[in-house]
Amino acid sequence: MKKVLTYGTFDLLHYGHINLLKRAKDLGDHLTVAISTDEFNALKKKEAYHSFENRKMILESIRYVDKVIPENTWEQKVQDVLEHNIDIFVMGDDWKGKFDFLKEYCEVIYLPRTVGISTSKIKNDLFKVTNG
Ligand code: C2G
């Protein structure tokens with residue numbers, strides 16, 4: 001069984017996230033998603049609208065996702081790859097090159113981001129709508 005792993009906040013879930021998760025799953029047979037905890041988001045200087053628990057519940061309901069684990073630190077990736085017997089690590093290409101150190105442990109693939117959608121775009125567009 002080919003196991004795939006990816007990381008993210010996945011807040012205000014949108015089709016760019018789904019495109020990533022679908023393509024990641026298509027690379028193997030089992031997809032694990034490490035979702036950033038609220039505390040780790042603070043380290044990433046990101047504030048999620050939905051709590052970790054609710055983002056976890058949402059991700060677990062997606063047909064492409066087989067397992068959801070917490071992402072607490074930048075440093076846990078090697079341990080995650082080893083512990084979960086991961087064959088392929090996947091991230092959107094906004095992270096291209098940043099996780100090449102994992103090539104020692106598994107295949108590393110950066111997939112093209114979906115253009116035209118992001119959580120910040122959603123927030124900005126909603127702000128414009130509500131504030132004219
Ligand atoms: N993504 C995408 N297309 C978009 C938006 C996001 O392909 N239009 C991808 C990102 O490249 C990432 C995943 O969806 O691979 C999750 O995006 P975020 O929730 O923004 O993840 P991020 O905050 O970048 O967290 O340790 C890694 C970090 O936790 C990654």
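FYI, side chains are in, hydrogens and waters are out, and symmetry mates aren't considered; it's all heavy atoms of this structure. Counting starts at 1 for both ligands and their atoms, in listed order.
- Using a 4.0 Å cut-off between charged side-chain N and carboxylate O, Asp93 and Lys98 make no salt bridge.
- Side-chain atoms of His84 never come within 3.5 Å of backbone atoms of Ile86 as a donor-acceptor pair (strictly under, hydrogens ignored).
- Each of the following atoms of ligand 1 lies closer than 4.0 Å to a heavy atom of Ser36: 29 (O).
- With respect to atom 24 (O) of ligand 1, the closest heavy atom belonging to the protein is Trp95 NE1, 2.9 Å.
- Of the candidates Gly8, Gly16, Gly92, it is Gly92 that places a heavy atom closest to atom 15 (O) of ligand 1.
- Checked for salt-bridge contact, Asp66 and Lys3 miss the test: no charged N lies under 4.0 Å from a carboxylate O.
- Considering both main-chain and side-chain atoms, Ile117 comes within under 3.5 Å of ligand 1 through a nitrogen or oxygen pair.
- Distance alone, capped at 3.5 Å, places no donor-acceptor pair between the Asn54 side chain and the His50 backbone.
- Asp38 places a side-chain N or O within donor-acceptor distance of the main-chain N or O of Phe52, the cut-off being under 3.5 Å.
- Ligand 1 lies out of reach of Ser118, whose nearest heavy atom is not under 4.0 Å from it.
- For atom 3 (N) of ligand 1, the closest heavy atom belonging to the protein is Thr114 N, 3.1 Å.
- In this structure the side chain of Ser36 never reaches within 4.5 angstrom of the side chain of Tyr7, judged on heavy atoms.
- The protein heavy atom nearest to atom 25 (O) of ligand 1 is Lys44 NZ, 2.9 Å.
- In summary, Glu71 and Lys77 engage in a salt bridge, as defined by a charged side-chain N under 4.0 Å from a carboxylate O.
- The protein non-hydrogen atom at the shortest distance from atom 14 (O) of ligand 1 is His17 CD2, 3.7 Å.
- Contact check for Leu59 versus Leu13: side-chain heavy atoms found under the 4.5 Å cut-off.
- Among the atoms of Pro112, none of the N or O lies under 3.5 angstrom from an N or O of ligand 1.
- Scanning Leu12, Asp94, Val33 for the heavy atom closest to atom 10 (C) of ligand 1 points to Asp94.
- Numbered from 1 in the order shown, with element, the atoms of ligand 1 that lie under 4.0 Å from a heavy atom of Phe10 read 16 (C), 19 (O).
- When the options Val4, Leu31, Asp26 are evaluated for a side-chain contact (heavy atoms from CB on, under 4.5 Å) with Leu21, the one that passes is Leu31.
- For atom 29 (O) of ligand 1, the closest heavy atom belonging to the protein is Glu71 OE1, 2.6 Å.
- Scanning the protein heavy atoms around atom 5 (C) of ligand 1, the nearest turns out to be Arg113 NH2, 3.4 Å.
- At under 3.5 Å, not a single nitrogen or oxygen of His14, backbone or side chain, sits near a nitrogen or oxygen of ligand 1.
- For a threshold of 3.5 Å applied to N or O pairs, the pair formed by Trp74 and ligand 1 contains no separation below that value.
- Of the candidates Lys96, Arg23, Lys46, it is Lys46 that places a heavy atom closest to atom 22 (P) of ligand 1.
- For the pair Gln76 (side chain) and Asn72 (backbone), a donor-acceptor distance under 3.5 Å is present.
- One finds a salt bridge joining Arg113 and Asp94 here, because a Lys/Arg side-chain nitrogen approaches an Asp/Glu carboxylate oxygen to under 4.0 Å.
- Among all protein heavy atoms, the one lying closest to atom 9 (C) of ligand 1 is Leu20 CG, 4.0 Å.
- For the pair Lys77 and ligand 1, the shortest N or O to N or O distance falls below 3.5 Å.
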